[in-house]
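These notes are about the structure you will find just below.
Per chain, numbering begins at 1; letters A, B, ... match sequence-line order.
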Amino acid sequence: MFDDLRDLYQEVIFDHNRNPRNFRVIENADRRVEGFNPLCGDRLTLFLQMDGDRITDASFQGSGCAISTASVSLMTEIVKGKTEQEAEDLFKKFHEMTTGKDEQINLEAVGKLAVLAGVREYPARVKCATLAWHTLDAALKNEQKSISTE
Amino acid sequence: MTNFPVEKIRADFPILAEKIRNKPLVYLDNAATCQKPQAVIDSIVHLYSHDYANVHRGVHTLSVRSTDLFEGARTKVKDFINAGHEKEIIFVKGTTEAINLVAQSYGKANIKAGDEILITAMEHHSNIVPWQILCQQTGAVLKVAPINLHGELIYDEFEKLLSDKTRLVSVVHMSNALGTINPVKIIIAAAHAKDIPVMLDGAQAIPHMTVDVQDLDCDFYAFSGHKLYAPSGIGVLYGKQALLEAMPPYQGGGDMIRKVTFAETEYNVLPYKFEAGTPAIADVVSLGAAIDYLNAIGMDKIAAYEAELLDYATEKAMQIKGLRIIGEAEHKGAILSFVLDKIHPHDIGTMLDSLGIAVRAGHHCAMPVMDFFKVPATARASFAMYNTKEEIDVLMNGIKSLIEVFG
Ligand SMILES: Cc1ncc(COP(=O)(O)O)c(C=O)c1O
């Protein structure tokens, strides 16, 4: 019935929505930033544990739509063990993938995150996918405040 | 169903024949804005093709024609809401501007530090923020009457909040987030017993029921054309003549003056005192066309048909496991706001869109209502006179299927 939506709602997304990974609080986290999407009321709190400039642990709390939940869940998995620079690079590639105008998108470069490429076709939903990453960006820049997609 | 001519009405709305993602459009976002009948579209084309010029300005033929049509629409609005006089009908951009006008004109002139303005917990942001701004400007205090879990105003609490300091009550006639129809006549009588004027936000009520401002005895009534099958960018503020006469102008400019020198300006008479600048001429004229169209069908018939639609939709929705209706007031208009267990409204919105069904997913400009029900957002199906039982079946089947997909 929802054939048209197969690119947007891939099975991996349903899976992460049902069972979000790293859905927990990190007590005394080195970084803790809140992300807010005023358009849909989604809120998430991102926790990072750092060792120098390396992310050793990442987790989140909060609730959102399937796209935003899957996006943050996947993100916390993928950034673990990465340096700040590597995570920032990934953010840029992710951003290009979800908002870029290029016909050619480099899905290889983003690995597992490629399942979220479908949001490109749904402008109203791009922010759902990027909220997690904007929050991460703020956390890496050590902005200890709430960020908003607007 | 009653013998309401829904198929004939549908044929009058060209957009209803659109295909969305290769499926017939099922338009259930009428509370956000509703679609336009051919008669309204034609009235705009006709005006620009034959009768257009600026109003109230020229002696030339077109200006006279244009002015006649424009003022004719004012009379239609007056009759539609049974106002006492055309002077009481002020054309504005929409409900939002009407409320801002009252806040900045009536409010600033009559409300001072320590005074209270009373609203309810189910207001649209446009009936919250203008009062907050006024409170900041004047030192007045905004009071909020609470609602219960059905989404109804707790009337006893409202009455208690009507104090010696209350200078104005502003209440939504029908809530856009919940569908609740407030007991406005009782509210108005209670406020008037204490000499407190009452403004009604009629943005949602106006397309769904007969509104008689004299019978209600409200002091101000605001609504938007675009929710009444007319274009966006046009709306109406009704105000009782005596109140409007005493109020200072809202904006200055052309049309609202009688005589200008650099020393002083004499303001124009009502309603022009509040209509500075060239108005939305075609939109006003087509609002008149929308009213003609509705009168030909009959607001009472529309209300009865929509009540059947809402009953049908509510009954079907209640059979869906995991669906919770937000807004179960006893007295309710044709709005079905709901949430699904573990499925975010935005996912509902996207999934239904892929089936050609347009619903709203979000906070509906009523964030305090969302907070009260402890949901970030809801999905909302809002019905108009051109919707059918079959469309409700399509919606309900869509909801059931997406629940399955999310598993
Ligand atoms: C209850 C209510 N009040 C006010 C408004 C604001 O109307 P407008 O945006 O047309 O000014 C709306 C529209 O969404 C509404 O539903």
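- For A:K80, the NZ atom counts as densely surrounded, since its 6.0 Å shell holds more than 12 non-hydrogen atoms of other residues, nucleotides or ligands.
- Counting heavy-atom pairs closer than 4.5 Å to chain A, the top-ranked of the candidates B:S354, B:P345, B:A377, B:G362 is B:S354.
- Atom CG of A:D3 is separated from atom CZ of B:R21 by 13.0 Å, given to the nearest 0.5 angstrom.
- The minimum heavy-atom distance between B:F406 and A:A66, with the atom names listed, is CE2-CB, 3.8 Å.
- Residue A:I67 touches chain B through both its backbone and its side chain, counting heavy-atom pairs closer than 4.5 Å.
- When only modelled atom types and interatomic distance are considered, A:Y122 and B:D353 share no side-chain donor-acceptor pair under 3.5 Å.
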Take A:R125 and B:D347 through the test side chain to side chain contact (heavy atoms under 4.5 Å, CB included) and record every step on the way to the result.
CA-CA 9 Å; A:R125 306 299 304 275; B:D347 295 318; 2.9 Å; yes
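- The pair B:K23-A:D4 meets the salt-bridge criterion, with a side-chain N (NZ, NE, NH1 or NH2) lying under 4.0 Å from an Asp/Glu carboxylate O.
- Neither the backbone nor the side chain of B:M370 comes within contact range of chain A, judged by heavy atoms closer than 4.5 Å.
- Looking at A:N17 and B:H344, their side chains never bring a donor and an acceptor atom within 3.5 Å of each other.
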Could you walk me through whether A:F2 and B:L402 pass side chain to side chain contact (heavy atoms under 4.5 Å, CB included), step by step?
CA-CA 8 Å; A:F2 297 101; B:L402 77 88; 3.6 Å; yes
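- Contact between B:M351 and A:F14 at its shortest, heavy atoms only, is CE-CZ, 4.0 Å.
- Enclosure of atom CD in B:Q137 by more than 12 non-hydrogen atoms of other residues, nucleotides or ligands within 6.0 angstrom is indicated.
- Minimum interatomic distance between A:M1 and B:G398 (heavy atoms only, all atoms of both residues): CE-CA, 4.3 Å.
- Using a 4.5 Å cut-off on side-chain heavy atoms (C-beta onward), A:R43 and B:P376 make no contact.
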